[in-house]
Amino acid sequence: MSTLQAENRTSITQQEGFKERKKEAESNPLGTEGFAAAALAEKKISVVSAAECCRTVPALTASVTCKEALGMLKANPHIPCMVICGPDQRPEGLLMKDAFYRKLTGRFAADLYFDRSVKKFAEEDILVMDINEDPVHMIQRALERPESRFYDCVIVTENDRFAGVLTVQDLLKMSGQLQMEAEEQRKATVSENYSHVSGMEMSLGEVAEAASLTLEECLRMKQWTSEGRLKLDEASQSYEEAVAHMNRNEKQVARLIEDAGKISSLTQGIAELADRSGLLAINASIEAAHAGSQGRGFQIVAAEVRSLAAQTRNLASDISGLLERISQLAAETGRLTSSGVRQIQAGAEQLTEGSRMFGELEQAVGSVEKTGRSVHQLARDTAKQALGVKGELERTLTSG
């Protein structure tokens with residue numbers, strides 16, 4: 001096999017591999033740009049550059065003949081192409097080795113073309129890119145070329161001056177390096193996400209634990225609130241019963257004062273009767289004295305009646321004094337009872353208000369308990385999801 005055939009075979013193999021890579025890029029949801037760096041979603045400064053992969057090839061002027069160019073290619077079989085440049089080293093055309101060989105291997109090619117300028121055979125529809133251009137954009141622009149120009153070398157310039165070329169193999173190498181960078185970035189991102197998810201999982205565990213403690217406190221608070229409301233209800237009921245008893249006592253005291261007044265009136269009547277009886281007894285004694293010895297027995301009776309009348313008057317006076325003091329005590333008891341009823345009623349109202357507030361507190365605690373249950377369950381579910389994500393990241397790191 002000749003050197004030319006071997007080079008053609010190598011070129012064909014590279015071209016077929018590049019075609020397959022292009023098809024993969026076109027079928028990728030990320031498009032052709034994903035072919036170069038599918039994982040460079042978060043832009044990172046790339047260490048891949050065209051300068052590392054750029055090849056040095058001869059830069060020819062328009063005065064070079066085809067024969068001279070053919071001699072250069074035979075002397076340097078490793079070069080894939082030659083570039084036609086103007087006086088200021090600006091690329092003006094591209095002479096691909098395979099295409100040039102095909103034109104000059106004909107039967108009459110030596111007589112027809114050897115003395116002609118290589119610029120006549122150069123491709124002027126060339127792709128020129130600056131050496132500092134983004135490698136991803138370089139590969140994307142190379143992929144977007146038409147099929148007829150797809151395997152031509154990409155001419156690289158620096159400050160608009162010819163610097164070298166990139167072959168299909170070089171573009172594949174750059175693509176592989178970019179993919180390796182993207183893979184490293186992916187692993188770093190997955191590792192970072194793994195750390196974040198691990199921290200989030202721990203935080204969610206702490207949230208779930210705190211929510212559980214809050215829920216327990218809410219349950220205890222709810223129990224205490226319920227017991228407090230029941231005790232307030234019992235105290236309120238006792239106050240109501242006390243008010244009822246005090247009201248009954250107040251009525252009884254009023255009746256007692258009324259009965260004491262009636263008794264006092266009767267006592268006054270008894271005192272008046274005693275006074276009248278005493279006067280009658282005195283008159284009877286006087287009349288008995290006038291009667292002499294016949295009236296002596298009657299005089300003794302009259303004296304006893306007078307003594308009894310005096311005792312009755314004294315007793316009536318004592319009873320009146322006692323009834324007056326009883327009336328005063330009863331009136332004071334009535335005033336105290338009325339004041340006590342008002343105080344007890346005020347306390348009962350406060351107890352009722354306290355019971356109402358405890359009821360509202362119990363409802364609020366119930367709402368907090370319900371919310372706490374929701375937070376606890378949500379934290380547990382989210383922690384499970386975070387654990388699942390963590391597992392997926394672990395599998396991703398392991399598979400990577």
Side-chain angles (χ1 to χ4, degrees), residues 6-7 9-26 28 30-60 72-73 75-85 88-98 123 125-145 149-189 400:
E7 291 175 352
R9 178 66 58 85
T10 302
S11 177
I12 291 172
T13 302
Q14 292 176 351
Q15 292 173 6
E16 289 177 350
F18 199 61
K19 281 184 177 180
E20 293 297 325
R21 300 290 294 276
K22 184 185 178 185
K23 289 180 180 178
E24 292 178 4
E26 292 172 346
N28 193 309
L30 297 177
T32 55
E33 193 169 352
F35 163 66
L40 286 178
E42 294 184 5
K43 199 67 177 175
K44 179 184 176 183
I45 298 177
S46 176
V47 297
V48 179
S49 64
E52 295 182 352
C53 302
C54 187
R55 300 191 184 203
T56 301
V57 298
L60 308 178
M72 292 180 187
L73 289 175
N76 302 282
H78 62 280
I79 60 175
C81 65
M82 291 184 291
V83 177
I84 313 300
C85 295
D88 54 356
Q89 288 296 305
R90 289 179 178 269
E92 297 178 352
L94 177 67
L95 192 66
M96 291 298 298
K97 180 172 64 176
D98 294 343
E123 178 61 47
D125 183 14
I126 56 178
L127 177 60
V128 181
M129 290 185 282
D130 189 86
I131 195 169
N132 297 316
E133 190 170 346
D134 186 358
V136 175
H137 295 160
M138 281 187 171
I139 296 173
Q140 184 178 3
R141 289 180 61 187
L143 291 173
E144 291 173 350
R145 291 182 296 178
R149 303 265 66 86
F150 191 75
Y151 302 105
D152 289 353
C153 290
V154 175
I155 299 175
V156 180
T157 61
E158 186 173 7
N159 297 326
D160 294 331
R161 297 173 63 87
F162 174 65
V165 297
L166 293 172
T167 64
V168 171
Q169 184 179 6
D170 299 330
L171 293 172
L172 285 173
K173 181 180 178 181
M174 290 174 60
S175 175
Q177 291 176 347
L178 288 171
Q179 287 180 346
M180 289 179 63
E181 275 191 359
E183 180 63 19
E184 291 299 324
Q185 177 67 12
R186 183 191 68 84
K187 288 183 179 179
T189 302

The reported gap from CD in Glu184 to OG1 in Thr189 (rounded to nearest 0.5 angstrom) is 11.0 Å

Between the side chains of Arg186 and Glu183, is the shortest nitrogen-to-carboxylate-oxygen separation below 4.0 Å, so that they form an ion pair? yes

Notebook entry, point to check: Going by heavy atoms in the side chains, are Arg145 and Val154 under 4.5 Å from each other?
Noted result: yes

Check: Does Pro80 offer a backbone N or O that forms a donor-acceptor pair with the side chain of Arg55 under 3.5 Å?
Finding: no

Value for CD (Glu158) from CG (Asp130), rounded to nearest 0.5 Å, stands at 7.0 Å

- Message: With side-chain hydrogen bond (donor to acceptor under 3.5 Å, both in side chains) as the criterion, how do Thr167 and Asp170 come out once you've worked through the C-alpha distance, each side chain's angles and the decisive distance to 0.1 Å?
- Response: CA-CA 5 Å; Thr167 64; Asp170 299 330; 3.1 Å; yes

Heavy-atom closest pair (Gly164 atom, Cys54 atom, distance to 0.1 Å) is CA-SG, 3.4 Å

The reported gap from CE in Met138 to CG in Asn132 (rounded to nearest 0.5 angstrom) is 8.0 Å

Here the gap from Thr157 atom OG1 to Gln89 atom CD, rounded to the nearest 0.5 Å, amounts to 11.5 Å

**OP:** Check step by step if side-chain contact (heavy atoms from CB on, under 4.5 Å) holds for Asp152 and Ile126.
**Re:** CA-CA 8 Å; Asp152 289 353; Ile126 56 178; over 6 Å; no

* Going by heavy atoms in the side chains, are Phe162 and Val156 under 4.5 Å from each other? -> no

Q.
Could you check whether any side-chain heavy atom of Lys173 comes within less than 4.5 Å of a side-chain heavy atom of Gln177, counting everything from C-beta outward?
A. yes

**Q.** Any donor-acceptor pair under 3.5 Å from Lys97 side chain to His78 backbone
**A.** no

Taking every heavy atom of Ile79 against every heavy atom of Asn76, the minimum-distance pair comes out as CG1-O, 3.0 Å

Looking only at heavy atoms, the pair that brings Ile155 and Pro91 closest together is CG2-CG, 3.6 Å

Look at the side chain of Asp134 and the backbone N and O of Val136, then say whether any donor-acceptor pair between them is shorter than 3.5 Å.
-> yes

Tell me, yes or no, whether the heavy-atom count around Asp88 atom CG, taken from other residues, nucleotides or ligands under 6.0 Å, exceeds 12. yes

Heavy-atom closest pair (Cys81 atom, Met96 atom, distance to 0.1 Å) is CB-SD, 3.8 Å

